[in-house]
Q: 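One structure follows; several queries about it will come next.
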Amino acid sequence: MALLSCRNLSMAYEGHTVISGLSFSVEKGDYLCIVGENGSGKSTLVKSLLGLKKPAAGEIVFGNGLSANGIGYLPQQTDIQKDFPASVREVVLSGCLNKLRGRFFFSKKEKARAEETMSLLGIADIRRDCYRNLSGGQQQRVLLARALCATESLLLLDEPVSGLDPLVTKEMYGMIQRINKSGITVIMVSHDIPSAVEYANRILHLHGQSFFFGRTEEYIKSDLGSRFLSAERKERKNG
Amino acid sequence: MAEFFVSLRDSVFGMFSYGFMVRALVGGLLISLCSALLGVSLVLKRYSMIGDGLSHVSFGAMAVAMAAGLAPLQFAIPIVVLAAFLLLRLNENSRVRGDSAVALVSTSALAIGVAAISSSTGVNTDVYSYMFGSLLGMSKSDVLLCVVFSAIILVMFVLFYNRIFAVTFDENFTRATGTNAGLYDMVIAVLTAVTIVLGMRMMGAMLISSLIIFPVLSALQLCRSYRSVVLVSAALSGVCFFAGIWISYHFDDPYSIPPGAGIVLINLLVFLLFSAVSFVRRHKKSVSGQKAGG
Ligand SMILES: Nc1ncnc2c1ncn2[C@@H]1O[C@H](COP(=O)(O)OP(=O)(O)O)[C@@H](O)[C@H]1O
Ligand SMILES: [Mg+2]
């Protein structure tokens, strides 16, 4: 059974339809990139997967014991205030909140998990630093660590590299790839199609009311894929 | 120097020899702690004005209760809790701008309160005491109420510490990982409302909001983690309360400073001090940063 599948999903804001008739499924271990222009509904889709926004029609089904609460999420634009004083450790540990269930305090196990995740992402030595004083790349790592603490199976990343410089972007992609290789399913929203094609094994391209969903190789050969990829190549040559 | 400390000690211990002073200290210290803890979330979520608005609603509700011969606290607490829900909702669904909504509610409540008082008893000292508090006039039962409610608030805050941090830091993430963020927003709202109603008795509508805002703003100048902000603002709030009371007690010749005003002034002083330290620290850092870079 698929880890997650969407059947005939439609999403709307106050009657204005953003997505309609969308169907796709994600298997365990997949690396799915959701691409599409700004405003095509990528973040809206993410919100529906997380259960933050109800579908106008259709359904989202979770398999393999996953539920919306077990998804590790890295938001596109956080409502985190610029001047919020929180240490790196506090932010990462807050990712374990869904493991508390009825308890009030974090156990040794959850604290150890936060420590491990910080070491894994190379932020262990800044664990006492204030989140607001970090560079953009460091902040994204912290949020990735927090997301990783929240899940055993599925990471959902909404434009995790936007605003990062090329070097840091590459590092971030590398990290996400390693996490995926370790067995965690990744769904990543991106508007960087060349990188999506490089890393992902499945592509979901939202385009107006239509969409493409399939293997990356199929996407490259498809109408939509070849059109967007050649447009990107041209832009790179000119730029 | 030694003489100064002896007289300071005598003056501080002297305070404890009056029953009304002990009551004021115990009740006030507890309320100060509670308001500083809740203030952290209110200030960080940019809801400080809600605290101010609620104190006016609390004034209005107490005035109406007095005019109607109802028990003031029992009447005011549910009303203020309701107002807290309303204001938080208004802030989220921003049809009406949040800050105008707060101004709207708080001025109306103030008007209703004044109208209720003057139509029943005529403006008298009661208005003054509700505007500026009657810290030194707390009865035994007032203090008991303070102790009970503060204990509940402190315990709830400690128990929900991790969740309160999460909803304050990033509500969407917290919601996405399955925590009922709305519920904890409500917990914060209820605790804040109760703190404000109790604090109103002592500090008055005018000054309670400063108890919520000042210690947190001071702590924010220097702290680098949420936990330290919480601990430092609670400590500052207690210390400033004590110092403010002492000033008001000590300098009562020939004119006295009301305790509420004394507490706010001390808080202001601490805030300025902390801001200065923070400014110097940042300035030093940027200078050394330039040196290292150049
Ligand atoms: N909260 C909202 N209320 C109304 N419309 C919205 C809201 N959020 C997004 N939209 C609209 O939905 C469409 C899709 O937005 P979004 O999912 O953020 O796109 P993307 O993430 O692909 O850039 C856009 O046209 C946007 O204007
Ligand atoms: Mg988006």
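Order of the sequence lines fixes the chain letters, A, B, ..., with proteins taken first and strands second; residue numbering starts at 1 for each chain. Everything numeric in this text was worked out from a predicted model, so none of it was measured.
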Q: Return the CD to OG distance between A/E90 and B/S228, rounded to the nearest 0.5 Å.
A: 7.0 Å
Q: When you look at NZ of A/K53, are more than 12 heavy atoms from neighbouring residues, nucleotides or ligands closer to it than 6.0 Å?
A: yes
Q: Of the backbone (N, CA, C, O) and the side chain (C-beta and beyond), which part of B/T177 lies under 4.5 Å from a heavy atom of chain A, both, or neither?
A: both
Q: Tell me whether the rings of B/Y226 and A/F84 are parallel (<30°), tilted (30 to 60°) or perpendicular (>60°).
A: parallel
Q: Given that the side chain runs from C-beta out, which part of A/A86 has a heavy atom under 4.5 Å from chain B: side chain, backbone, both or neither?
A: both
Q: Any residues in residues 100-108 of chain A near chain B, with a heavy-atom distance under 4.5 Å, and which are they?
A: A/L100, A/R101, A/G102, A/R103, A/F104, A/F105, A/F106
Q: On a heavy-atom basis, which atom in A/R146 and which in B/D170 lie closest, and how many Å separate them?
A: NH2-OD2, 2.9 Å
Q: Report, in residue-number order, which members of residues 145-160 of chain B are under 4.5 Å from chain A by heavy-atom distance.
A: B/V158, B/L159, B/F160
Q: Under 4.5 Å, counting heavy-atom pairs only, tell me which of A/L50, A/L97, A/L74 racks up the most with chain B.
A: A/L97
Q: I need the B/R175 CZ to A/K47 NZ distance, nearest 0.5 Å.
A: 11.5 Å
Q: Please report the closest heavy-atom contact between B/C223 and A/P85, naming both atoms and the distance.
A: O-CB, 3.9 Å
Q: Hey, could you give me the OH/CG distance between A/Y73 and B/N172, rounded to the nearest 0.5 Å?
A: 5.5 Å
Q: Rounded to the nearest 0.5 Å, how far does CG of A/N98 lie from CZ of B/F173?
A: 7.0 Å
Q: Measure A/I71 against the heavy atoms of chain B and call it side chain, backbone, both or neither at under 4.5 Å.
A: backbone
